[in-house]
Amino acid sequence: QVQLVESGGGLVQAGGSLTLSCAASGGNTFSGDVMAWYREAPGNQREVVAFISVGTTTIYADSVKGRFTISRNNAKNTVYLQMDSLKPEDTAVYYCNAIKDPRKVGGVWNAPPLYNWGQGTQVTVSS
């Protein structure tokens with residue numbers, strides 16, 4: 001059973017930066033998985049923020065394009081999310097997961113997760 005552990009969240013002022021990490025363990029498919037970061041703000045549904053293919057193809061939600069960068073280190077079974085120029089509306093709990101068959105519907109990426117969710121990491125951006 002794959003376990004996902006997110007870390008790196010915190011409190012930051014608007015315009016600041018954070019780097020999130022997600023370490024996967026308990027499986028041997030990480031290098032073959034498309035990995036995604038999601039976020040869930042209070043009162044909102046969990047949404048896809050970004051995902052990265054087995055290679056280096058990256059896709060971003062329109063709301064974070066140009067500010068966030070997703071990357072992966074297959075040797076460490078870890079995926080990262082570099083977040084720059086943070087805004088108060090980026091405040092949320094951030095989660096990672098492997099995904100399959102991502103599709104864009106109505107301008108929003110839908111990507112069903114493959115594994116159980118981790119605990120997430122809280123990001124709070126103050127104005």
Side-chain angles (χ1 to χ4, degrees):
Q1 182 76 342
V2 173
Q3 292 184 322
L4 301 166
V5 179
E6 299 92 348
S7 62
L11 173 63
V12 64
Q13 289 188 330
S17 299
L18 283 173
T19 300
L20 307 183
S21 299
C22 168
S25 63
N28 59 1
T29 63
F30 181 86
S31 61
D33 287 333
V34 178
M35 294 299 298
W37 281 97
Y38 298 73
R39 67 186 179 187
E40 185 174 342
N44 291 351
Q45 289 187 334
R46 195 166 297 186
E47 61 177 358
V48 173
V49 173
F51 57 93
I52 184 167
S53 71
V54 173
T56 56
T57 300
T58 56
I59 300 292
Y60 299 92
D62 291 343
S63 59
V64 306
K65 200 172 294 183
R67 300 188 297 121
F68 289 11
T69 304
I70 187 171
S71 61
R72 65 191 299 162
N73 184 326
N74 289 338
K76 295 184 177 181
N77 285 1
T78 301
V79 61
Y80 305 95
L81 187 68
Q82 172 69 39
M83 306 187 295
D84 298 315
S85 302
L86 282 161
K87 304 176 181 180
E89 51 263 44
D90 295 319
T91 295
V93 180
Y94 285 71
Y95 302 87
C96 70
N97 214 312
I99 62 172
K100 188 176 182 180
D101 297 331
R103 301 189 179 190
K104 199 169 188 179
V105 179
V108 177
W109 282 101
N110 290 324
L114 292 183
Y115 306 127
N116 291 334
W117 294 103
Q119 83 289 347
T121 187
Q122 175 72 48
V123 172
T124 303
V125 185
S126 63
S127 58

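For the numbers below, each heavy atom of this structure counts, side chains included, while hydrogens, waters and symmetry mates do not. Just so you know, residue 1 is the first one in the sequence shown, and it goes up from there.
Side-chain N/O atoms of Q13 and S126 include no donor and acceptor closer than 3.5 Å.
Rounding to the nearest 0.5 Å gives a distance of 7.5 Å between CG of N77 and OG of S31. For the atom pair OG (S53) and CD1 (I59), the distance works out to 8.5 Å, reported to the nearest 0.5 Å. To the nearest 0.5 Å, atoms CZ (F68) and OG1 (T58) are separated by 14.0 Å. Taken to the nearest 0.5 Å, the CG atom of L18 stands 9.0 Å off from the CG atom of L11. Note that CZ of R46 is 13.0 Å distant from CZ of R39, once rounded to the nearest 0.5 Å. With values rounded to the nearest 0.5 angstrom, S71 atom OG is found 11.5 Å from M35 atom CE.
Inter-residue side-chain proximity for Q119 and V5 is flagged as met; some heavy-atom pair is nearer than 4.5 Å. You'll find the side chain of T57 stays beyond 4.5 Å of the side chain of F51, heavy atoms only. In this structure, the side chains of Y38 and P113 come closer than 4.5 Å at one or more pairs of heavy atoms. When side chains are defined from C-beta on, K104 does not count as touching V48, because their heavy atoms never get closer than 4.5 Å.
The hydrophobic clustering, which links ILVMFWY residues whose side-chain heavy atoms are closer than 4.5 Å, places W109 and V34 together. There is no path of hydrophobic side-chain contacts, each under 4.5 Å, that joins V93 to V123. Linking ILVMFWY residues whenever their side-chain heavy atoms come closer than 4.5 Å, directly or via other members, leaves Y94 and I99 in distinct clusters. In the hydrophobic cluster analysis, where Ile, Leu, Val, Met, Phe, Trp and Tyr join through side-chain heavy atoms closer than 4.5 angstrom, W37 is grouped apart from Y95. Cluster membership check: V49 does not share its hydrophobic cluster with V108, using side-chain heavy-atom separations under 4.5 Å among Ile, Leu, Val, Met, Phe, Trp and Tyr.
Taking each heavy atom of Y60 and A50 in turn, the nearest pair found is CD2-CB, 3.5 Å. Annotation for S21 and T78: closest pair CB-CG2, 4.4 Å, computed over non-hydrogen atoms. Closest approach of L20 and T121 over heavy atoms only: CD2-CG2, 4.0 Å. Listed here is the closest heavy atom pair of L4 and A24: CD2-CB, 3.8 Å. Heavy-atom minimum distance, T91 versus V125: OG1-N, 2.9 Å. The minimum heavy-atom distance linking S17 with S85 is given by the pair OG-N, 4.4 Å.
In this structure, the side chain of Q3 does not engage the main chain of G118 through any donor-acceptor pair within 3.5 Å. Side chain of Y80 to main chain of N73: no donor-acceptor pair is present (N/O by atom type, distance under 3.5 Å, no hydrogens or angles). Looking at E6, its side chain does come within 3.5 Å of a backbone N or O of C96 through a donor-acceptor pair. Between the side chain of T19 and the main chain of Q82, no donor-acceptor pair closer than 3.5 Å is present.
In this structure, K87 does not pair ionically with D90, as no charged nitrogen and carboxylate oxygen lie closer than 4.0 Å.
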Exercise for review: May I have the step-by-step check of side chain to side chain contact (heavy atoms under 4.5 Å, CB included) for Q1 and N116, ending in yes or no?
Suggested key: CA-CA 9 Å; Q1 182 76 342; N116 291 334; 2.7 Å; yes
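F30 carries R72 over the face of its six-membered ring, with the cationic atom under 6.0 Å from the centre and within 45° of the normal.
For K76, the NZ atom sits in a loose shell: 12 or fewer heavy atoms of surrounding residues, nucleotides or ligands are nearer than 6.0 Å.
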